[in-house]
Amino acid sequence: MPAPADGAAPYRGRFAPSPTGPLHMGSLVTALASWLDARAHGGTWLVRIEDIDYPRCVRDADTGILRTLAALGLHPDEPPLWQSRREHCYASALQRLEAAGQVYPCGCSRKEIADSLVHVRERHQTLAYPGTCRHGLNGKLPRAWRVRVPDGDAATICFDDRWQGRQCQNLATELGDFVLRRADGLWAYQLAVVVDDALQGITHIVRGADLLDSTPRQIHLQRLLGLPEPAYLHVPVVVNAVGEKLSKQSGAQSVDDLAPLEALRAAGAHLGLRHDATDVPDWLARATESWAGLLARLPRPGAA
Ligand code: GLU
């Protein structure tokens, strides 16, 4: 793979698990793809524990995930970062957006939003927020903080995904002004991920395709906050026998139940990497060699 052009930031990638349970095959596929992409670029690979959705976090799942990664030979190049220790950074980003007039408090309940439904996305059944509180709370108590999205065509955000090809989403018609701080006081993933990717100097994001439709929201925030836009690669999501994304809720098996080499082979096969190896370091070295070729062969024009 080519070295960065003169002046381009050196490659920095990351794996950003939410500690909601042990590492399962779906999250291992993402971890492995991000590790391989970083190694194939001669770059740096980081791990960030996304533990700010407190009700979803499971005690000690973070240390368990880090232990599992280490057993698989996936060692971060710098100490892991915990989002729960960085809430002041999300607060200061929100303040900057407030000073720029880009965010506003919202007093609408979920029910009110559903009642004033303007659009239903067939695939995800997402409601576009109709902007009720854009011009004031009208006596309601503030609950959440929302960021404005532009109107009309200006709300269309496109990016070239290195695996999935060109993606476009109109934030106004598909989502509306979206939440950065939730009614329960918790920071929204969309804000935290953008702030931390910038803080950690992430140049390449490799993650599951279930997050494809979050990316335009993140690009919108990067633009508002004046942050660089990383390159994106979304790998296909691993599904179970009935087509559900693997997760703790869908009963995914822990990767710890498999021998490390067996786990890597299974995750690699999902990505289209199939080769023999004598042990974990040997498997990882061969997979790193194959990675660029695999991306180049994706059935899609312009894959790199
Ligand atoms: N924490 C997110 C998850 O586990 C991933 C975030 C990201 O990679 O941007 O689904």
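One-based numbering, in listed order, for ligands and for the atoms of each. If you're wondering where the values come from, they're calculated on a predicted model, not measured in any experiment. As a basis for the values below, the full set of heavy atoms in this structure was taken, side chains included, without hydrogen atoms, waters or symmetry mates.
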Atoms in ligand 1 flagged as close to [X], the criterion being non-hydrogen separation under 4.0 Å:
| X | answer |
| --- | --- |
| Tyr189 | 6 (C), 7 (C), 9 (O) |
| Val193 | 9 (O) |
| Arg207 | 7 (C), 8 (O), 9 (O) |

**Study point:** Phe15 touching ligand 1 at heavy-atom level, < 4.0 angstrom
**Key:**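 No.
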
Practice item. Check whether any heavy atom of Arg14 sits under 4.0 Å from an atom of ligand 1. Key: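 True for this residue.
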
Check your understanding: Between CZ of Arg110 and SG of Cys108, what distance do you get to the nearest 0.5 Å?
Key ->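 Arg110 atom CZ to Cys108 atom SG measures 12.5 Å (nearest 0.5 Å).
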
Review point. When rounded to the nearest 0.5 angstrom, what is the spacing between CZ in Arg48 and CG in Leu199?
Key: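 Arg48 atom CZ to Leu199 atom CG measures 9.0 Å (nearest 0.5 Å).
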
For [atom], find the nearest protein heavy atom and state the residue, atom name and distance (0.1 Å precision).
| atom | value |
| --- | --- |
| atom 10 (O) of ligand 1 | Leu211 CD1, 4.1 Å |
| atom 5 (C) of ligand 1 | Ala16 O, 3.3 Å |
| atom 3 (C) of ligand 1 | Ser18 OG, 3.5 Å |
| atom 6 (C) of ligand 1 | Glu50 OE1, 3.2 Å |

Practice item. Compute both the distance and the angle, then confirm whether Arg181 meets the cation-pi test with Trp187: under 6.0 Å from the six-membered ring centre, within 45 degrees of the axis. Key: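 Flagged: Arg181 positioned over aromatic ring of Trp187.
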
Exercise for review: Compute both the distance and the angle, then confirm whether Arg146 meets the cation-pi test with Tyr104: under 6.0 Å from the six-membered ring centre, within 45 degrees of the axis.
Suggested key: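 No.
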
Exercise for review: Begin with the C-alpha distance, continue with both residues' side-chain angles, and end with the deciding distance and a verdict on ring-ring contact (aromatic ring centres under 6.0 Å, His included) for Trp283 and His275.
Suggested key: CA-CA 8 Å; Trp283 192 92; His275 43 70; 5.0 Å; yes

**Study point:** Under 2.5 Å between SG of Cys158 and Cys168
**Key:**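 Yes, the SG atoms sit under 2.5 Å apart.
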
**Study point:** Donor on one side chain, acceptor on other, Asp196 and Gln83, under 3.5 Å
**Key:**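 Gln83 and Asp196 do have a side-chain donor-acceptor pair below 3.5 Å.
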
Review point. Based purely on interatomic distance, does Asp210 place a nitrogen or oxygen under 3.5 Å from a nitrogen or oxygen of ligand 1?
Key: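 Between Asp210 and ligand 1 (N or O atoms, distance only) the closest approach is not under 3.5 Å.
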
